[in-house]
Amino acid sequence: MTTIASIARGNSILLVSFSLWVLMCSTPHSGFLIFFFAAPALLYQLCMLARSWKEHEKRLRRVGALVITSLGIVVVAGFHLYYRLDSRRTADRLVEEVSHFKASYGRYPASVSELNDAKFWQGHPYKLAYTSDKGKPVLFYGATFVPFEQWEYDFTAQAWKYVQD
């Protein structure tokens with residue numbers, strides 16, 4: 001237990017800064033920032049570990065810093081995996097409702113306000129959007145890792161398509 005405490009004490013600035021970094025990068029549409037922070041931090045920590053390999057106390061501190069950095073990356077990746085799965089699950093639910101509406105009424109809904117759970121769809125996160133353009137449905141949601149890319153649903157092919165900005 002004293003080893004963990006000494007590692008944390010020796011890396012307190014890194015621990016605080018990476019905690020803030022994890023908070024910032026864990027929000028939807030900001031995961032791409034991981035590349036600007038994590039890659040240089042990992043490279044730096046690996047170089048410093050190689051430099052201080054012969055001194056036990058410094059080596060222990062550098063291994064701790066490497067663990068903190070790696071743990072931050074894993075946490076951010078976990079959040080974005082959850083966002084991706086949750087947004088797809090929600091969008092698939094909207095696809096089912098739109099398809100059910102089409103089967104029931106013979107046409108696609110003009111907007112989500114015609115659907116049963118309209119209030120849920122109108123205020124949903126992940127930039128989920130649906131409209132009907134001249135009777136042709138358009139459904140998409142924003143990719144959760146980067147801010148300007150999206151997933152669009154093709155109702156004729158019944159498949160999702162990733163659209164880059």
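Hydrogens, waters and symmetry mates are skipped; everything else that's a heavy atom, side chains included, is used.
The list of side chain to side chain donor-acceptor pair (under 3.5 Å) pairs with a residue in residues 64-80, not counting sequence neighbours, is empty.
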task = Tell me, with the steps shown, if Ser30 and Leu33 meet side chain to side chain contact (heavy atoms under 4.5 Å, CB included).
result = CA-CA 6 Å; Ser30 65; Leu33 294 172; 4.1 Å; yes
task = Report the C-alpha distance between Arg89 and Asp92 in whole Å, list the side-chain angles of each, state the deciding distance to 0.1 Å, and finish with yes or no for salt bridge (Lys or Arg N to Asp or Glu O under 4.0 Å).
result = CA-CA 5 Å; Arg89 185 175 34 249; Asp92 282 340; over 6 Å; no
inquiry  = I'd like to know whether Phe155 forms a ring pair (Phe, Tyr, Trp, His ring centres under 6.0 Å) with Tyr108, so could you lay out the CA-CA distance, the side-chain angles of the two residues, the decisive distance to 0.1 Å, and finally the verdict.
reply    = CA-CA 10 Å; Phe155 282 90; Tyr108 287 106; 5.4 Å; yes
request  = Using the side chain to side chain contact (heavy atoms under 4.5 Å, CB included) rule, take Phe145 and Ile34 through it: C-alpha gap first, then chi angles, then the decisive distance, then the call.
outcome  = CA-CA 10 Å; Phe145 193 69; Ile34 194 171; 3.9 Å; yes
key: CA sep, side-chain torsions, deciding dist, call: Leu115, Val112, side chain to side chain contact (heavy atoms under 4.5 Å, CB included)   = CA-CA 5 Å; Leu115 298 174; Val112 291; 4.2 Å; yes
request  = Apply side chain to side chain contact (heavy atoms under 4.5 Å, CB included) to the pair Leu139 and Thr131, showing each step before the final yes or no.
outcome  = CA-CA 7 Å; Leu139 176 98; Thr131 187; over 6 Å; no
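Val76 places none of its side-chain heavy atoms less than 4.5 Å from the side chain of Ile73. Side-chain contact between Lys161 and Asp154 is absent, with no heavy-atom pair separated by less than 4.5 Å. The closest side-chain heavy-atom distance from Val138 to Tyr130 is not below 4.5 Å.
Judged purely by atom type and a 3.5 angstrom limit, Ser87 uses its side chain to pair as donor or acceptor with the backbone of Arg84. With His29 contributing its side chain and Ala143 its backbone, the two residues share a donor-acceptor pair below 3.5 Å. Ser104 places no side-chain N or O within donor-acceptor distance of the main-chain N or O of Phe101, the cut-off being under 3.5 Å. Side chain of Ser111 to backbone of Ser132: no donor-acceptor contact under 3.5 angstrom is found.
By the 30° and 60° cut-offs, the orientation of the rings of Tyr141 relative to Trp151 is parallel. Note: Phe79 and Tyr83 have tilted aromatic rings, judged against thresholds of 30 and 60 degrees for the angle between ring planes.
In the hydrophobic clustering (ILVMFWY side chains linked at under 4.5 Å, chained through shared members), Leu81 is joined by Leu85.
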Output side-chain donor-acceptor pairs under 3.5 Å for residues 38-52, partner residues at least two apart or in another chain, one line each.
| unit_1 | atom_1 | unit_2 | atom_2 | d |
| --- | --- | --- | --- | --- |
| Gln45 | OE1 | Arg62 | NH1 | 3.3 |
| Ser52 | OG | Met48 | O | 2.9 |

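A continuous path of ILVMFWY side-chain contacts below 4.5 Å connects Trp53 to Leu66, so both sit in one hydrophobic cluster. Hydrophobic clustering (side-chain heavy atoms under 4.5 Å, transitive across Ile, Leu, Val, Met, Phe, Trp, Tyr) keeps Phe35 apart from Leu20. In the hydrophobic cluster analysis, where Ile, Leu, Val, Met, Phe, Trp and Tyr join through side-chain heavy atoms closer than 4.5 angstrom, Val95 is grouped apart from Phe140.
Taken to the nearest 0.5 Å, the CZ atom of Arg93 stands 10.5 Å off from the CG atom of Leu128. Atoms CH2 and OH, on Trp160 and Tyr153 in that order, are 7.5 Å from each other to the nearest 0.5 Å.
Between the side chains of Glu149 and Tyr162, at least one donor N or O sits under 3.5 Å from an acceptor N or O.
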